[in-house]
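Any value given below was found using the heavy atoms of this structure, including those in side chains, with hydrogens, waters and symmetry copies removed.
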Amino acid sequence: MYRESRRSSMITTVTLNAAIDKTYYVNQFELGGVQRVARQIAEPGGKGNNVAKVIKLLGGDVTASGFVAGSSGSFIESSLINRGIQTSFVRVGGESRVCLNIIDESKGTSTELLEQGPVIDDHQIAEMKQTIHRLALECSVVVLSGSLPPGAPANLYADLIGIIKSTKARVFLDTSGAALSSGLQARPHFVKPNEHELAGWLGQDRLIESEWAGAAQKLADEGIGQVCVTLGDRGAIAFIDGQGYRVIPPTIRAVNTVGCGDSFVAGMAFAEERGDAPAEKLRIASAAAAANAMSDKAGHIDYQLFQDYVKQVQVTAL
């Protein structure tokens with residue numbers, strides 16, 4: 001069914017529900033009133049696209065894939081191309097979503113309005129599977145990130161993981177809810193739940209600090225080689241090839257935490273493709289997340305700041 005091809009040294013990111021991430025900054029946000037926007041930012045978004053942007057800024061070769069639609073989809077694709085990122089999107093009908101974040105600068109609050117995105121049908125899903133198989137044959141790491149679009153079955157990530165693994169490429173998964181539960185059964189090489197997603201996988205409302213490592217190890221014991229549980233400004237707990245690690249990030253005063261998890265995934269994928277040792281992977285990932293937190297754009301890092309943070313990350317074996 002599929003034609004074999006030569007694999008190159010590259011990473012592919014997949015964003016099945018791509019978006020324009022638009023941020024409005026207002027002096028004071030009041031319900032029911034007229035708001036004047038002081039400044040605004042529009043970025044190609046969706047978790048996988050954020051991963052792609054950071055991989056490129058780290059110096060990696062990356063191709064962005066997923067579904068895009070309409071003029072919003074054209075903006076997403078052209079914006080990525082302008083950053084030197086290769087693209088291989090599947091075009092569908094309708095319009096790619098806009099995710100709007102309204103920042104009240106006087107109060108420091110954030111209000112998000114998230115569109116659903118276009119509905120995907122079986123024919124488009126089949127085309128996406130063909131595209132992902134072709135890209136997986138040409139790269140070493142495939143990153144599946146974010147929510148599933150309307151119309152997609154909960155097991156779509158599990159199906160894609162099976163396709164990618166059949167090519168011998170390594171597959172990273174970062175999602176939540178039913179898509180995560182289903183995807184975990186396909187045993188990707190890497191997963192990055194946060195503490196709330198990990199608790200949900202265990203059927204619990206929350207985990208206390210003393211339970212983090214045991215829960216992460218339980219997930220690793222399911223046959224997943226790399227498990228990284230991100231804990232915000234408290235760092236991460238990781239199990240890589242059976243060894244546990246505690247990751248302490250640099251001490252910073254974050255400007256924006258949106259995209260930090262995606263930047264962590266980007267750092268891990270970039271380091272995986274290079275063949276770095278586990279502790280170095282975690283340093284790169286944590287430093288990328290911290291550098292993203294110092295930017296007002298999701299999926300953006302200052303490379304010099306990233307280099308400074310790499311030296312500050314502490315990684316200790318459990």
Test Ser110 against Asn101 for side chain to side chain donor-acceptor pair (under 3.5 Å), laying out the working first. CA-CA 6 Å; Ser110 170; Asn101 187 9; 2.5 Å; yes

Taking the basic N atoms (NZ, or NE/NH1/NH2) and the acidic carboxylate oxygens, is any pair closer than 4.0 Å for [X] and [Y]?
| X | Y | result |
| --- | --- | --- |
| Glu43 | Arg83 | yes |
| Lys47 | Asp262 | yes |
| Arg97 | Asp21 | no |

How many angstroms lie between [atom1] in [X] and [atom2] in [Y], if you round to the nearest 0.5 Å?
| X | Y | atom1 | atom2 | result |
| --- | --- | --- | --- | --- |
| Arg234 | Arg246 | CZ | CZ | 8.5 Å |
| Ile85 | Ile11 | CD1 | CD1 | 11.0 Å |
| Gln40 | Tyr25 | CD | OH | 11.0 Å |

According to a hydrophobic-cluster definition based on side-chain heavy atoms being under 4.5 Å apart (Ile, Leu, Val, Met, Phe, Trp, Tyr only), do [X] and [Y] belong together?
| X | Y | result |
| --- | --- | --- |
| Phe190 | Ile240 | yes |
| Val54 | Leu282 | no |
| Phe270 | Met268 | no |
| Met10 | Ile284 | no |

Which atoms form the tightest heavy-atom contact between Ala213 and Ile237, and what is the distance? CA-CG2, 4.0 Å

How close do Pro118 and Val92 get, heavy atom to heavy atom, and via which atoms? CG-CG2, 4.0 Å

Would you tell me whether [X] and [Y] have side-chain atoms, one donor and one acceptor, within less than 3.5 Å of each other?
| X | Y | answer |
| --- | --- | --- |
| Gln28 | Ser106 | no |
| Glu222 | Gln185 | no |
| Arg91 | Ser74 | yes |

Is the shortest heavy-atom distance from the side chain of [X] to the side chain of [Y] under 4.5 Å?
| X | Y | result |
| --- | --- | --- |
| Leu16 | Leu156 | yes |
| Leu173 | Tyr157 | yes |
| Asp104 | Thr111 | no |

Is it the case that atom CG in Asn82 sees more than 12 heavy atoms from other parts of the structure closer than 6.0 Å? yes

Assess whether ring-ring contact (aromatic ring centres under 6.0 Å, His included) is satisfied between Phe306 and Tyr303, documenting all intermediate values. CA-CA 5 Å; Phe306 159 75; Tyr303 190 73; 5.6 Å; yes

Output, in order, the C-alpha distance, side-chain angles, deciding distance and verdict of side chain to side chain donor-acceptor pair (under 3.5 Å) for Glu95 and Ser71. CA-CA 7 Å; Glu95 195 71 42; Ser71 58; 3.0 Å; yes

Mind running side chain to side chain donor-acceptor pair (under 3.5 Å) on Arg39 and Thr23 for me, showing each step along the way? CA-CA 8 Å; Arg39 62 190 177 99; Thr23 305; over 6 Å; no

